[in-house]
Every structure is written in C-alpha cells, then in structure tokens.
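Just below is one structure, and these are the notes that go with it.
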Amino acid sequence: GNSVTQMEGPVTLSEEAFLTINCTYTATGYPSLFWYVQYPGEGLQLLLKATKADDKGSNKGFEATYRKETTSFHLEKGSVQVSDSAVYFCARLGGTSYGKLTFGQGTILTVHP
Amino acid sequence: GAGVSQSPSNKVTEKGKDVELRCDPISGHTALYWYRQRLGQGLEFLIYFQGNSAPDKSGLPSDRFSAERTGESVSTLTIQRTQQEDSAVYLCASSLGAGASYEQYFGPGTRLTVT
C-alpha cells in the first residue's frame with residue numbers, strides 16, 4: 001500500500017544551522033508529495049509541494065526535491081531560525097483522483113537561539 | 001476570511017459514551033476530509049466528502065464511527081460506544097476541489113480523551 005516514512009525525531013538545532021529531515025515514500029504510482037508544518041498552538045498548514053519527478057518545492061527558505069530514483073522527498077533549509085520550531089509532516093497523495101493524503105509520523109524540530 | 005473551525009476543541013468522555021465532533025469548512029469548499037492523529041503517530045485518513053456524499057469511507061476504523069455532511073457545509077463525525085483507543089486528535093480539512101491542485105486547509109482539531 002501507500003506509505004510515508006520520516007526520520008525519527010525530535011531534532012534539536014542551534015539557530016543558523018543546516019536542517020535536513022528525511023522522507024521516503026512507497027513507489028506506488030506517481031504520487032504528488034507534500035510537506036506540512038504545524039507551529040505550536042496552530043493548525044496544520046501546507047509548507048511546499050512537488051507534483052512530479054525532479055520538481056523542487058520551495059517556501060520560506062525550505063526546499064524539497066522529488067527524487068523518483070530514491071523515492072525520497074527530503075526537507076532542507078540552509079539556516080534555521082527559532083521561529084522554525086514546529087512539527088513537520090511529509091505526505092503523499094494516496095493514489096486516488098482526489099486529495100486523500102497519507103502522512104509520515106511527523107518530526108519535532110526545536111531551534112535554540 | 002474564516003478558516004476551518006472545529007468544535008469542541010477538547011472533549012473528555014467516559015468509555016462507552018457517544019461523542020459528536022463538528023467541522024465547519026471554509027465557505028465554498030466542496031471537498032472535506034477527516035483525519036485522526038494518535039499520540040506519536042502521523043495523521044490517518046478517515047473519510048472524504050465531495051459535496052454531501054462520501055465516496056471514500058475506507059479509513060473509518062469500525063462501524064462505531066460514522067460521519068455526515070449537510071448543506072455542502074458542516075460535517076459531523078460521530079463515535080459511538082467510545083473506547084480508550086479512540087483517544088486522539090481529530091482533524092478536519094477542506095479544499096476548493098479534489099486532487100493535488102487544491103490545497104487542503106486544516107482546522108485546529110478536536111482533542112478527544114476517553115477515560
């Protein structure tokens with residue numbers, strides 16, 4: 001079936017450090033891939049997405065590239081800020097014609113000043 | 001404008017009781033989704049509505065779970081005879097249409113605790 005696997009958390013970094021959160025997906029079909037973010041006390045919101053192989057999604061300094069050969073969609077940011085502290089979820093569209101999403105388990109990121 | 005709202009924000013109930021969770025989607029959004037997030041796990045899909053019909057109920061864990069949507073707006077998720085394993089955050093999302101082109105907007109969730 002469809003699944004998404006994220007790196008284990010939590011992740012703790014100092015401000016301005018480089019961030020990578022790994023995400024891999026099962027290779028069923030040609031899914032669209034997403035990163036969602038949940039800031040403390042707020043609802044889940046879309047961070048970025050990529051709809052086909054080799055696409056790069058980007059937003060707020062975050063980037064992720066759809067790698068079909070490694071079935072990966074790793075999230076990266078060159079210089080994190082304290083305000084990036086949140087829970088990050090990788091997700092894929094579930095192989096249907098509508099928007100049923102399959103999520104990874106989430107990675108808690110804490111950035112210290 | 002108003003986002004997706006859910007009520008109640010928190011619900012504590014005794015095992016065996018029935019609960020109703022409500023979702024008010026963004027006005028004009030035809031697609032509505034329910035997800036569940038258990039502690040330490042990712043979100044699990046429960047059910048999808050297009051308009052007032054539910055083409056995909058495949059994620060509902062058991063026949064104790066049901067959902068309806070009326071007026072192409074409000075949706076209610078009902079859990080009968082609650083069990084402790086039902087404890088989770090229940091999230092609702094809506095989108096203008098269905099598919100990857102349409103961003104899903106999530107509500108703040110209802111935290112359900114079954115004692």
Side-chain angles (χ1 to χ4, degrees), chain A residues 1-10 21-26 29-53 55 57 59 66 73 75 86-108, chain B residues 1-7 9-10 23-26 29-51 53-60 67 69 88-111:
Chain A
N2 299 321
S3 67
V4 175
T5 302
Q6 279 181 244
M7 68 183 285
E8 294 284 334
I21 302 178
N22 290 339
C23 171
T24 57
Y25 63 93
T26 52
Y30 302 94
S32 294
L33 302 172
F34 306 83
W35 277 99
Y36 280 82
V37 60
Q38 187 170 31
Y39 297 104
E42 298 185 18
L44 205 61
Q45 53 187 275
L46 180 64
L47 180 60
L48 53 84
K49 71 178 185 182
T51 58
K52 61 183 188 296
D55 268 4
N59 186 22
Y66 189 143
F73 192 55
L75 182 68
V87 184
Y88 293 81
F89 294 90
C90 186
R92 60 165 285 168
L93 212 56
T96 62
S97 61
Y98 55 89
K100 173 182 174 180
L101 291 166
T102 300
F103 286 87
Q105 70 269 36
T107 301
I108 300 172
Chain B
V4 177
S5 60
Q6 292 185 246
S7 61
S9 55
N10 279 285
C23 172
D24 284 86
I26 294 172
H29 280 195
T30 62
L32 186 147
Y33 306 83
W34 282 98
Y35 295 89
R36 176 173 75 172
Q37 184 179 17
R38 288 187 280 192
L39 189 65
Q41 299 183 27
L43 283 76
E44 307 168 71
F45 168 82
L46 297 178
I47 187 170
Y48 153 68
F49 286 93
Q50 180 60 47
S53 64
D56 189 348
K57 307 178 184 179
S58 62
L60 294 178
R69 188 180 185 194
V89 177
Y90 290 82
L91 289 168
C92 174
S94 71
S95 58
L96 199 57
S101 302
Y102 298 97
E103 179 176 348
Q104 293 186 30
Y105 294 83
F106 283 80
T110 294
R111 182 176 298 277

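Note that these values count all heavy atoms, side chains included, but never hydrogens, waters or copies made by symmetry. Every chain is numbered from 1 and lettered A, B, ... according to where its sequence line falls, protein lines coming before strand lines.
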Handout entry: Rounded distance (nearest 0.5 Å) linking atom NZ of A:K100 with atom CG of B:L46
Key = 10.5 Å
Problem - Check: A:L101 main-chain N/O paired with B:Y35 side-chain donor or acceptor under 3.5 Å - result: yes
Exercise for the section: Among A:A91, A:G104, A:G9, A:G106, single out the residue with the greatest number of heavy-atom pairs under 4.5 Å to chain B. Expected result: A:G104
Handout entry: Region of B:Q37 that comes under 4.5 Å of a non-hydrogen atom in chain A
Key = side chain
Completion exercise
Ordered numerically, the heavy-atom neighbours of chain B under 4.5 Å found in residues 42-49 of chain A are A:G43, A:L44, A:L46, A:K49
Problem - 4.5 Å side-chain heavy-atom contact, B:F106 and A:Q38 - result: no
